[in-house]
Amino acid sequence: MRGSVRIIVAVLAIAMYGCLAPQNTQMVGVDVQSWDSAESITYDNSDTISLRNINIALRYNDNFKQATLPLKVAITTPDARHFEEEIVLALHHPRTALTVATTESLPYRADVLLSQKGLYTFSFEPQSAVRGMEAIGIELK
């Protein structure tokens with residue numbers, strides 16, 4: 001009886017783990033004193049059938065005082081198609097007294113299909129110089 005309960009628990013645990021959405025976060029460091037130029041991240045896509053949510057991940061310190069972050073986002077697909085847009089991210093600044101740096105993940109696109117295998121390049125450029133930003137990146141869920 002105990003053996004069958006253990007097997008059932010193991011099977012349920014494996015099934016539940018398989019339902020977790022895989023997550024991939026990639027970030028690139030920026031000039032913390034004055035970030036003012038484009039920074040890029042390359043993502044090597046092999047999954048051409050899953051819908052994913054894309055978030056923009058930010059890490060900043062106490063010198064970052066802005067409530068919003070205007071960005072130009074550019075994406076280049078494996079077949080060299082290029083898409084650019086300007087967005088404004090609203091930051092929440094969820095800090096505590098002991099926080100050295102804060103990391104936020106903010107929604108960018110939902111239910112995206114990266115339909116091609118190969119390298120996707122995501123580029124982020126602030127619309128004006130930013131102080132206190134340490135890194136920027138993408139989070140694919």
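Note that this is a predicted model, so its numbers are computed, not measured. Atoms considered below: every heavy atom in the structure, side chains included; atoms not considered: hydrogens, waters and symmetry mates.
Qualifying side chain to side chain contact (heavy atoms under 4.5 Å, CB included) partners for P107, counting only residues two or more places apart in sequence or in other chains: N55. Under the rule for a side chain to side chain contact (heavy atoms under 4.5 Å, CB included), the partners of I87 that lie at least two apart in sequence or sit in another chain are I56, L71, V73, E85, L89, Y108. Applying the side chain to side chain donor-acceptor pair (under 3.5 Å) rule to Q127 yields no partners; only residues at least two apart in sequence or on another chain are considered. Among residues two or more places apart in sequence or in another chain, the salt bridge (Lys or Arg N to Asp or Glu O under 4.0 Å) test is passed with E39 by none. Take V130 and apply the side chain to side chain contact (heavy atoms under 4.5 Å, CB included) test, not counting sequence neighbours, and it matches W35, F64, Q66, L69, P126, M133. Applying the salt bridge (Lys or Arg N to Asp or Glu O under 4.0 Å) rule to E86 yields no partners; only residues at least two apart in sequence or on another chain are considered. Partners of L51 according to the side chain to side chain contact (heavy atoms under 4.5 Å, CB included) rule, which considers only residues two or more places apart in sequence or in another chain, are D111, L113.
Applying the salt bridge (Lys or Arg N to Asp or Glu O under 4.0 Å) test to pairs two or more places apart or on separate chains, none has a residue in residues 47-58. Listed by first then second residue, pairs satisfying salt bridge (Lys or Arg N to Asp or Glu O under 4.0 Å) with a partner in residues 66-82 read K72-E84, K72-E125, D79-R81, not counting sequence neighbours.
Linking ILVMFWY side-chain heavy atoms closer than 4.5 Å, directly or via other members, places V28 and Y43 in a single hydrophobic cluster. Note: the hydrophobic cluster containing L119 does not contain F122 (ILVMFWY, side chain heavy atoms under 4.5 Å, direct or indirect links). I41 and L114 fall within a single hydrophobic cluster, where Ile, Leu, Val, Met, Phe, Trp and Tyr are joined by side-chain heavy atoms under 4.5 Å apart, directly or via other members.
Looking at heavy atoms from C-beta onward, F83 lies out of side-chain contact with T77 at the 4.5 angstrom threshold. Two residues are said to be in side-chain contact when any heavy atoms from C-beta on lie closer than 4.5 Å; L106 and L91 meet this criterion. Side chains of S40 and T121 form a contact here, defined as non-hydrogen atoms less than 4.5 Å apart.
Note that the OG atom of S50 and the CG atom of L140 stand 11.0 Å from one another [nearest 0.5 Å]. Here the CD atom belonging to Q26 is positioned 9.0 Å from the CG atom belonging to D44, to the nearest 0.5 angstrom. The distance from the OG atom of S105 to the CD atom of E139 is 3.5 Å, given to the nearest 0.5 Å. Distance NE2/H92 to CG/L58: 11.0 Å, rounded to 0.5 Å. In this structure, NZ on K141 lies 12.5 Å from CD1 on I54, to the nearest 0.5 angstrom. To the nearest 0.5 Å, atoms OG1 (T76) and NE2 (H82) are separated by 4.5 Å.
Here the closest heavy-atom approach between residue T25 and residue A57 is recorded as CG2-CB, 4.4 Å. G118 and P78 make their closest contact through C-CG, 3.7 Å (heavy atoms, listed as atom of the first residue, atom of the second, distance).
Inspection of the E134 and N61 side chains reveals an N or O donor paired with an N or O acceptor under 3.5 Å.
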